Structure formats: C-alpha cells, structure tokens
Amino acid sequence: MVNGNPALTPCLTGELDGVLTVRLEKARISGFCCDRNREELTRAETEAPLARR
C-alpha cells in the first residue's frame, strides 16, 4: 500500500525501480500512477506502520 492505494514495487537487478499505484473507486480501477523518481523512492523501501486516527 502506498498513500492508501494498492501498489506494486518492481525491482530490476535487485534494486527498486519504481512504484506503480492503482486508484480504486467503487471496487473498480479508476487510475494508475507510476513514480520512477529516484529521490522519492528512497523512502519506498521502508515499511511504515498505519495508524487509525
């Protein structure tokens, strides 16, 4: 999960290559977002706990 959306994290040669998130609305895929910005991906390899507010 990334930003509350299901996500795939493809790896090439053992390193994270990007993050592909899927936006869902009413149980249907309504959009995709792919991020390959190396500076932003440094945090993607660390799992962050979710907390309810």
Side-chain angles (χ1 to χ4, degrees):
M1 298 287 280
V2 174
N3 294 332
N5 295 312
L8 296 172
T9 53
C11 294
L12 294 176
T13 64
E15 293 186 23
L16 184 63
D17 185 58
V19 174
L20 174 67
T21 57
V22 179
R23 186 174 53 245
L24 300 173
E25 293 179 17
K26 297 182 182 178
R28 293 184 176 218
I29 296 173
S30 62
F32 293 97
C33 180
C34 183
D35 188 353
R36 294 188 73 199
N37 182 342
R38 295 273 182 210
E39 293 174 7
E40 291 183 15
L41 293 179
T42 57
R43 296 180 307 212
E45 293 179 337
T46 305
E47 187 174 328
L50 297 176
R52 292 185 178 242
R53 297 178 189 214

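Just so it is clear, the structure is predicted and the values come from calculations on it, not from any experiment.
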Q: Can you see which heavy atom on P6 is nearest to which on L24, and at what distance?
A: CG-CD1, 3.9 Å
Q: Measure the shortest side-chain to side-chain distance between N5 and V22 over non-hydrogen atoms and say whether it is less than 4.5 angstrom.
A: no
Q) Nearest heavy-atom pair of G18 and P10: which atoms, and what distance? A) O-CD, 3.3 Å
Q) Residues in side-chain contact (heavy atoms from CB on, under 4.5 Å) with L8, at least two apart? A) L20
Q: Please list, chain by chain and in numerical order, all residues satisfying side-chain contact (heavy atoms from CB on, under 4.5 Å) with L12, sequence neighbours excluded.
A: D17
Q.
Applying side-chain contact (heavy atoms from CB on, under 4.5 Å), can you list everything that pairs with T13, at least two apart in sequence or on another chain?
A. none
